[in-house]
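Structure incoming, see below.
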Amino acid sequence: MLGLLCVPAHAEARDIGRDTLPAGDGWASYGAGTTGGAAADDAHVYTVTDRAGLVRALDNGSDTPKIIRIAGTVDANTDDDGDHLDCADYATGGYSPKKYLAAYDPRTWGSAKPSGPQEEARKASAARQAERVVLPVGSNTTLVGLRGAVLKGASLQVRNADNVIVRNLDLRDAYDCFPVWQPNTGGLGDWKTAYDNLWLTGATHVWVDHVTASDKGHPDEAEPTYFARNYLRHDGLLDITNGSDLVTVSWSRFTGHDKAILIGNGDTVAGDRGKLRVTLHHNAFESIAQRAPRVRFGQVHLYNNRYEVTDGHRYSVGVSTESGIHAENNAFHTPGHVEAADLVKSWNGTALHQSGTLFNGYPVDLLAIHNAYNGGSERDLTADVGWTPTLHTKIDSAAVADREVARGAGAGRIP
């Protein structure tokens, strides 16, 4: 049972694995609140040091109350003996990147959806990787990192589960070995990847706290360009979709990535209406190109967050179909060529509440700026998002929050 050990009660002066979400701390505190695995008996408290131990502790996403502590670095791309697996180890059916590119080059293949031997081989190869890296997190679970804990290569998936806590973890590099070419996406086609570092799908009452999420190890900017499109290997850092509801994301750090957080996965998913209630507070967004977050349908409270914008930025806050974003006291830092008008982007959005925003140290009205500079390509947004947040911690000024988040957000920084 290497990698799966019971933890004595005296192992740490403070057992953060037993922590529960404080009352009133965002949407995840609504109703019964979020306690994760705090009710776990001693037989269901584990420390894991490798993938095999983590898989056993997760128990195939069971709803048994459990506390799982990750120690050291756990690599999801390993076999049952703990040996590392790379992309070539997953490849099967004659798949090779060179053959795939030759088969579906738009100049010869055209705009049809990929089919045939290489696409079938890609699917089979992708299934072999998914078997290793997709890790289901069930109801009544607390997943917490000990000091310096890293989970790399994994896609944690909270699927149709309730009452989950993920804290103090460095989640990095959910790397897809087998992206699929989609010829008709975005007009020019695009590469589609499979894995988010953390995916909430149909999940309720989830608290994500003091997590660091990144592509560290395989940054997408180091990948080549194929068919005139970036050959991306990562999807989202945190996606909250398919009717997920009552989520609080706090004191976390999202860094070095393209599309960070998606809330709501489609403009026509009517089942999301009335759900996707999410609070994001005291988070750091660093070198994020877009989706920080992008919201469809959800009532999202976005307060006291810190944005550090760098080259490659497209937008920060995405206002999409029937979204109700209540943004207050957030601080943005940008290089000189990024304007305040670049921070908000709308797709079929109608409203955005914003107040207390700082832009490079100066107060700005993001709503007024968006409406003045959208160039007629987007409809003007109103300030009435149809709701007012009542569940939140103390809301500091953007200047105070800016300093506190810079030093306090991310894994390893729980006070």
I'd like to know if D402 pairs up with R306 as an ion pair, taking the criterion as any Lys NZ or Arg NE/NH1/NH2 lying under 4.0 Å from an Asp or Glu carboxylate oxygen. yes

For the residue pair S346 / R379, report whether a side-chain donor-acceptor contact shorter than 3.5 Å exists. no

Any side-chain donor near an acceptor of the partner, D162 and H205, under 3.5 Å: yes

Salt bridge (Lys or Arg N to Asp or Glu O under 4.0 Å) between D80 and R132: does it pass, once the steps are laid out? CA-CA 9 Å; D80 290 340; R132 295 278 103 189; 3.2 Å; yes

Pair listing, salt bridge (Lys or Arg N to Asp or Glu O under 4.0 Å) test, anchored in residues 231-253, at least two apart: K192-D235, E223-R233, D245-R277, R253-E286

What residues form a ring pair (Phe, Tyr, Trp, His ring centres under 6.0 Å) with Y175, not counting sequence neighbours? H218, H234

In this structure, is the centre-to-centre distance between the rings of H392 and H281 below 6.0 Å? no

First locate atom CZ of F285, then atom CZ of F332, and finally report the distance between them rounded to the nearest 0.5 Å. 9.0 Å

Can you check whether D258 reaches L232 side chain to side chain, under 4.5 Å on heavy atoms? yes

Can you tell me how far the CD1 atom of I67 sits from the CG atom of N140, to the nearest 0.5 Å? 11.5 Å

State which residues pass side chain to side chain contact (heavy atoms under 4.5 Å, CB included) with A203; sequence neighbours excluded, sorted by chain then number. V158, L200, V206, S244

So with a 6.0 Å cut-off around CZ of R314, is the heavy-atom count from everything else above 12? no

Under 3.5 Å, is there a donor-acceptor pair linking the side chains of H84 and D89? no

Parallel, tilted or perpendicular: ring planes of F178 versus Y90, cut at 30 and 60 degrees: perpendicular

Taking the six-membered ring for Trp, are H301 and Y303 parallel (under 30°), tilted (30 to 60°) or perpendicular (over 60°)? tilted

L280: which of T248, V249, I325 passes side-chain contact (heavy atoms from CB on, under 4.5 Å): V249

With sequence neighbours left out, what residues match A399 under side chain to side chain contact (heavy atoms under 4.5 Å, CB included)? L358, S397, R403

Salt bridge flag under 4.0 Å for residues R69 and D15: yes

Under 3.5 Å, is there a donor-acceptor pair between the side chain of T357 and the main chain of L366? no

Sequence neighbours excluded, every pair satisfying disulfide bond (SG atoms under 2.5 Å apart) that has a member inside residues 135-216: C87-C177

With rounding to the nearest 0.5 angstrom, report the CG to OG distance, L169 to S252. 10.0 Å

Basic-acidic side-chain contact under 4.0 Å: E131, R128: no

Please determine if R167 and D19 form a salt bridge, counting it only when a charged side-chain N lies under 4.0 Å from a carboxylate O. yes

Would you say T20 and W207 are linked by a side-chain donor-acceptor pair, where the criterion is simply a distance under 3.5 Å? no

Interatomic spacing from OG1 in T92 to NZ in K123 - rounded to 0.5 Å: 15.0 Å

Between N265 and N242, do the side chains contain a donor N or O and an acceptor N or O under 3.5 Å apart? yes

What do you reckon, are the aromatic ring centroids of W181 and Y100 less than 6.0 Å apart? no

Pair listing, disulfide bond (SG atoms under 2.5 Å apart) test, anchored in residues 303-346, at least two apart: none

Students often mix this up, so state it plainly: with edges at 30° and 60°, are the rings of H282 and W251 parallel, tilted or perpendicular? parallel

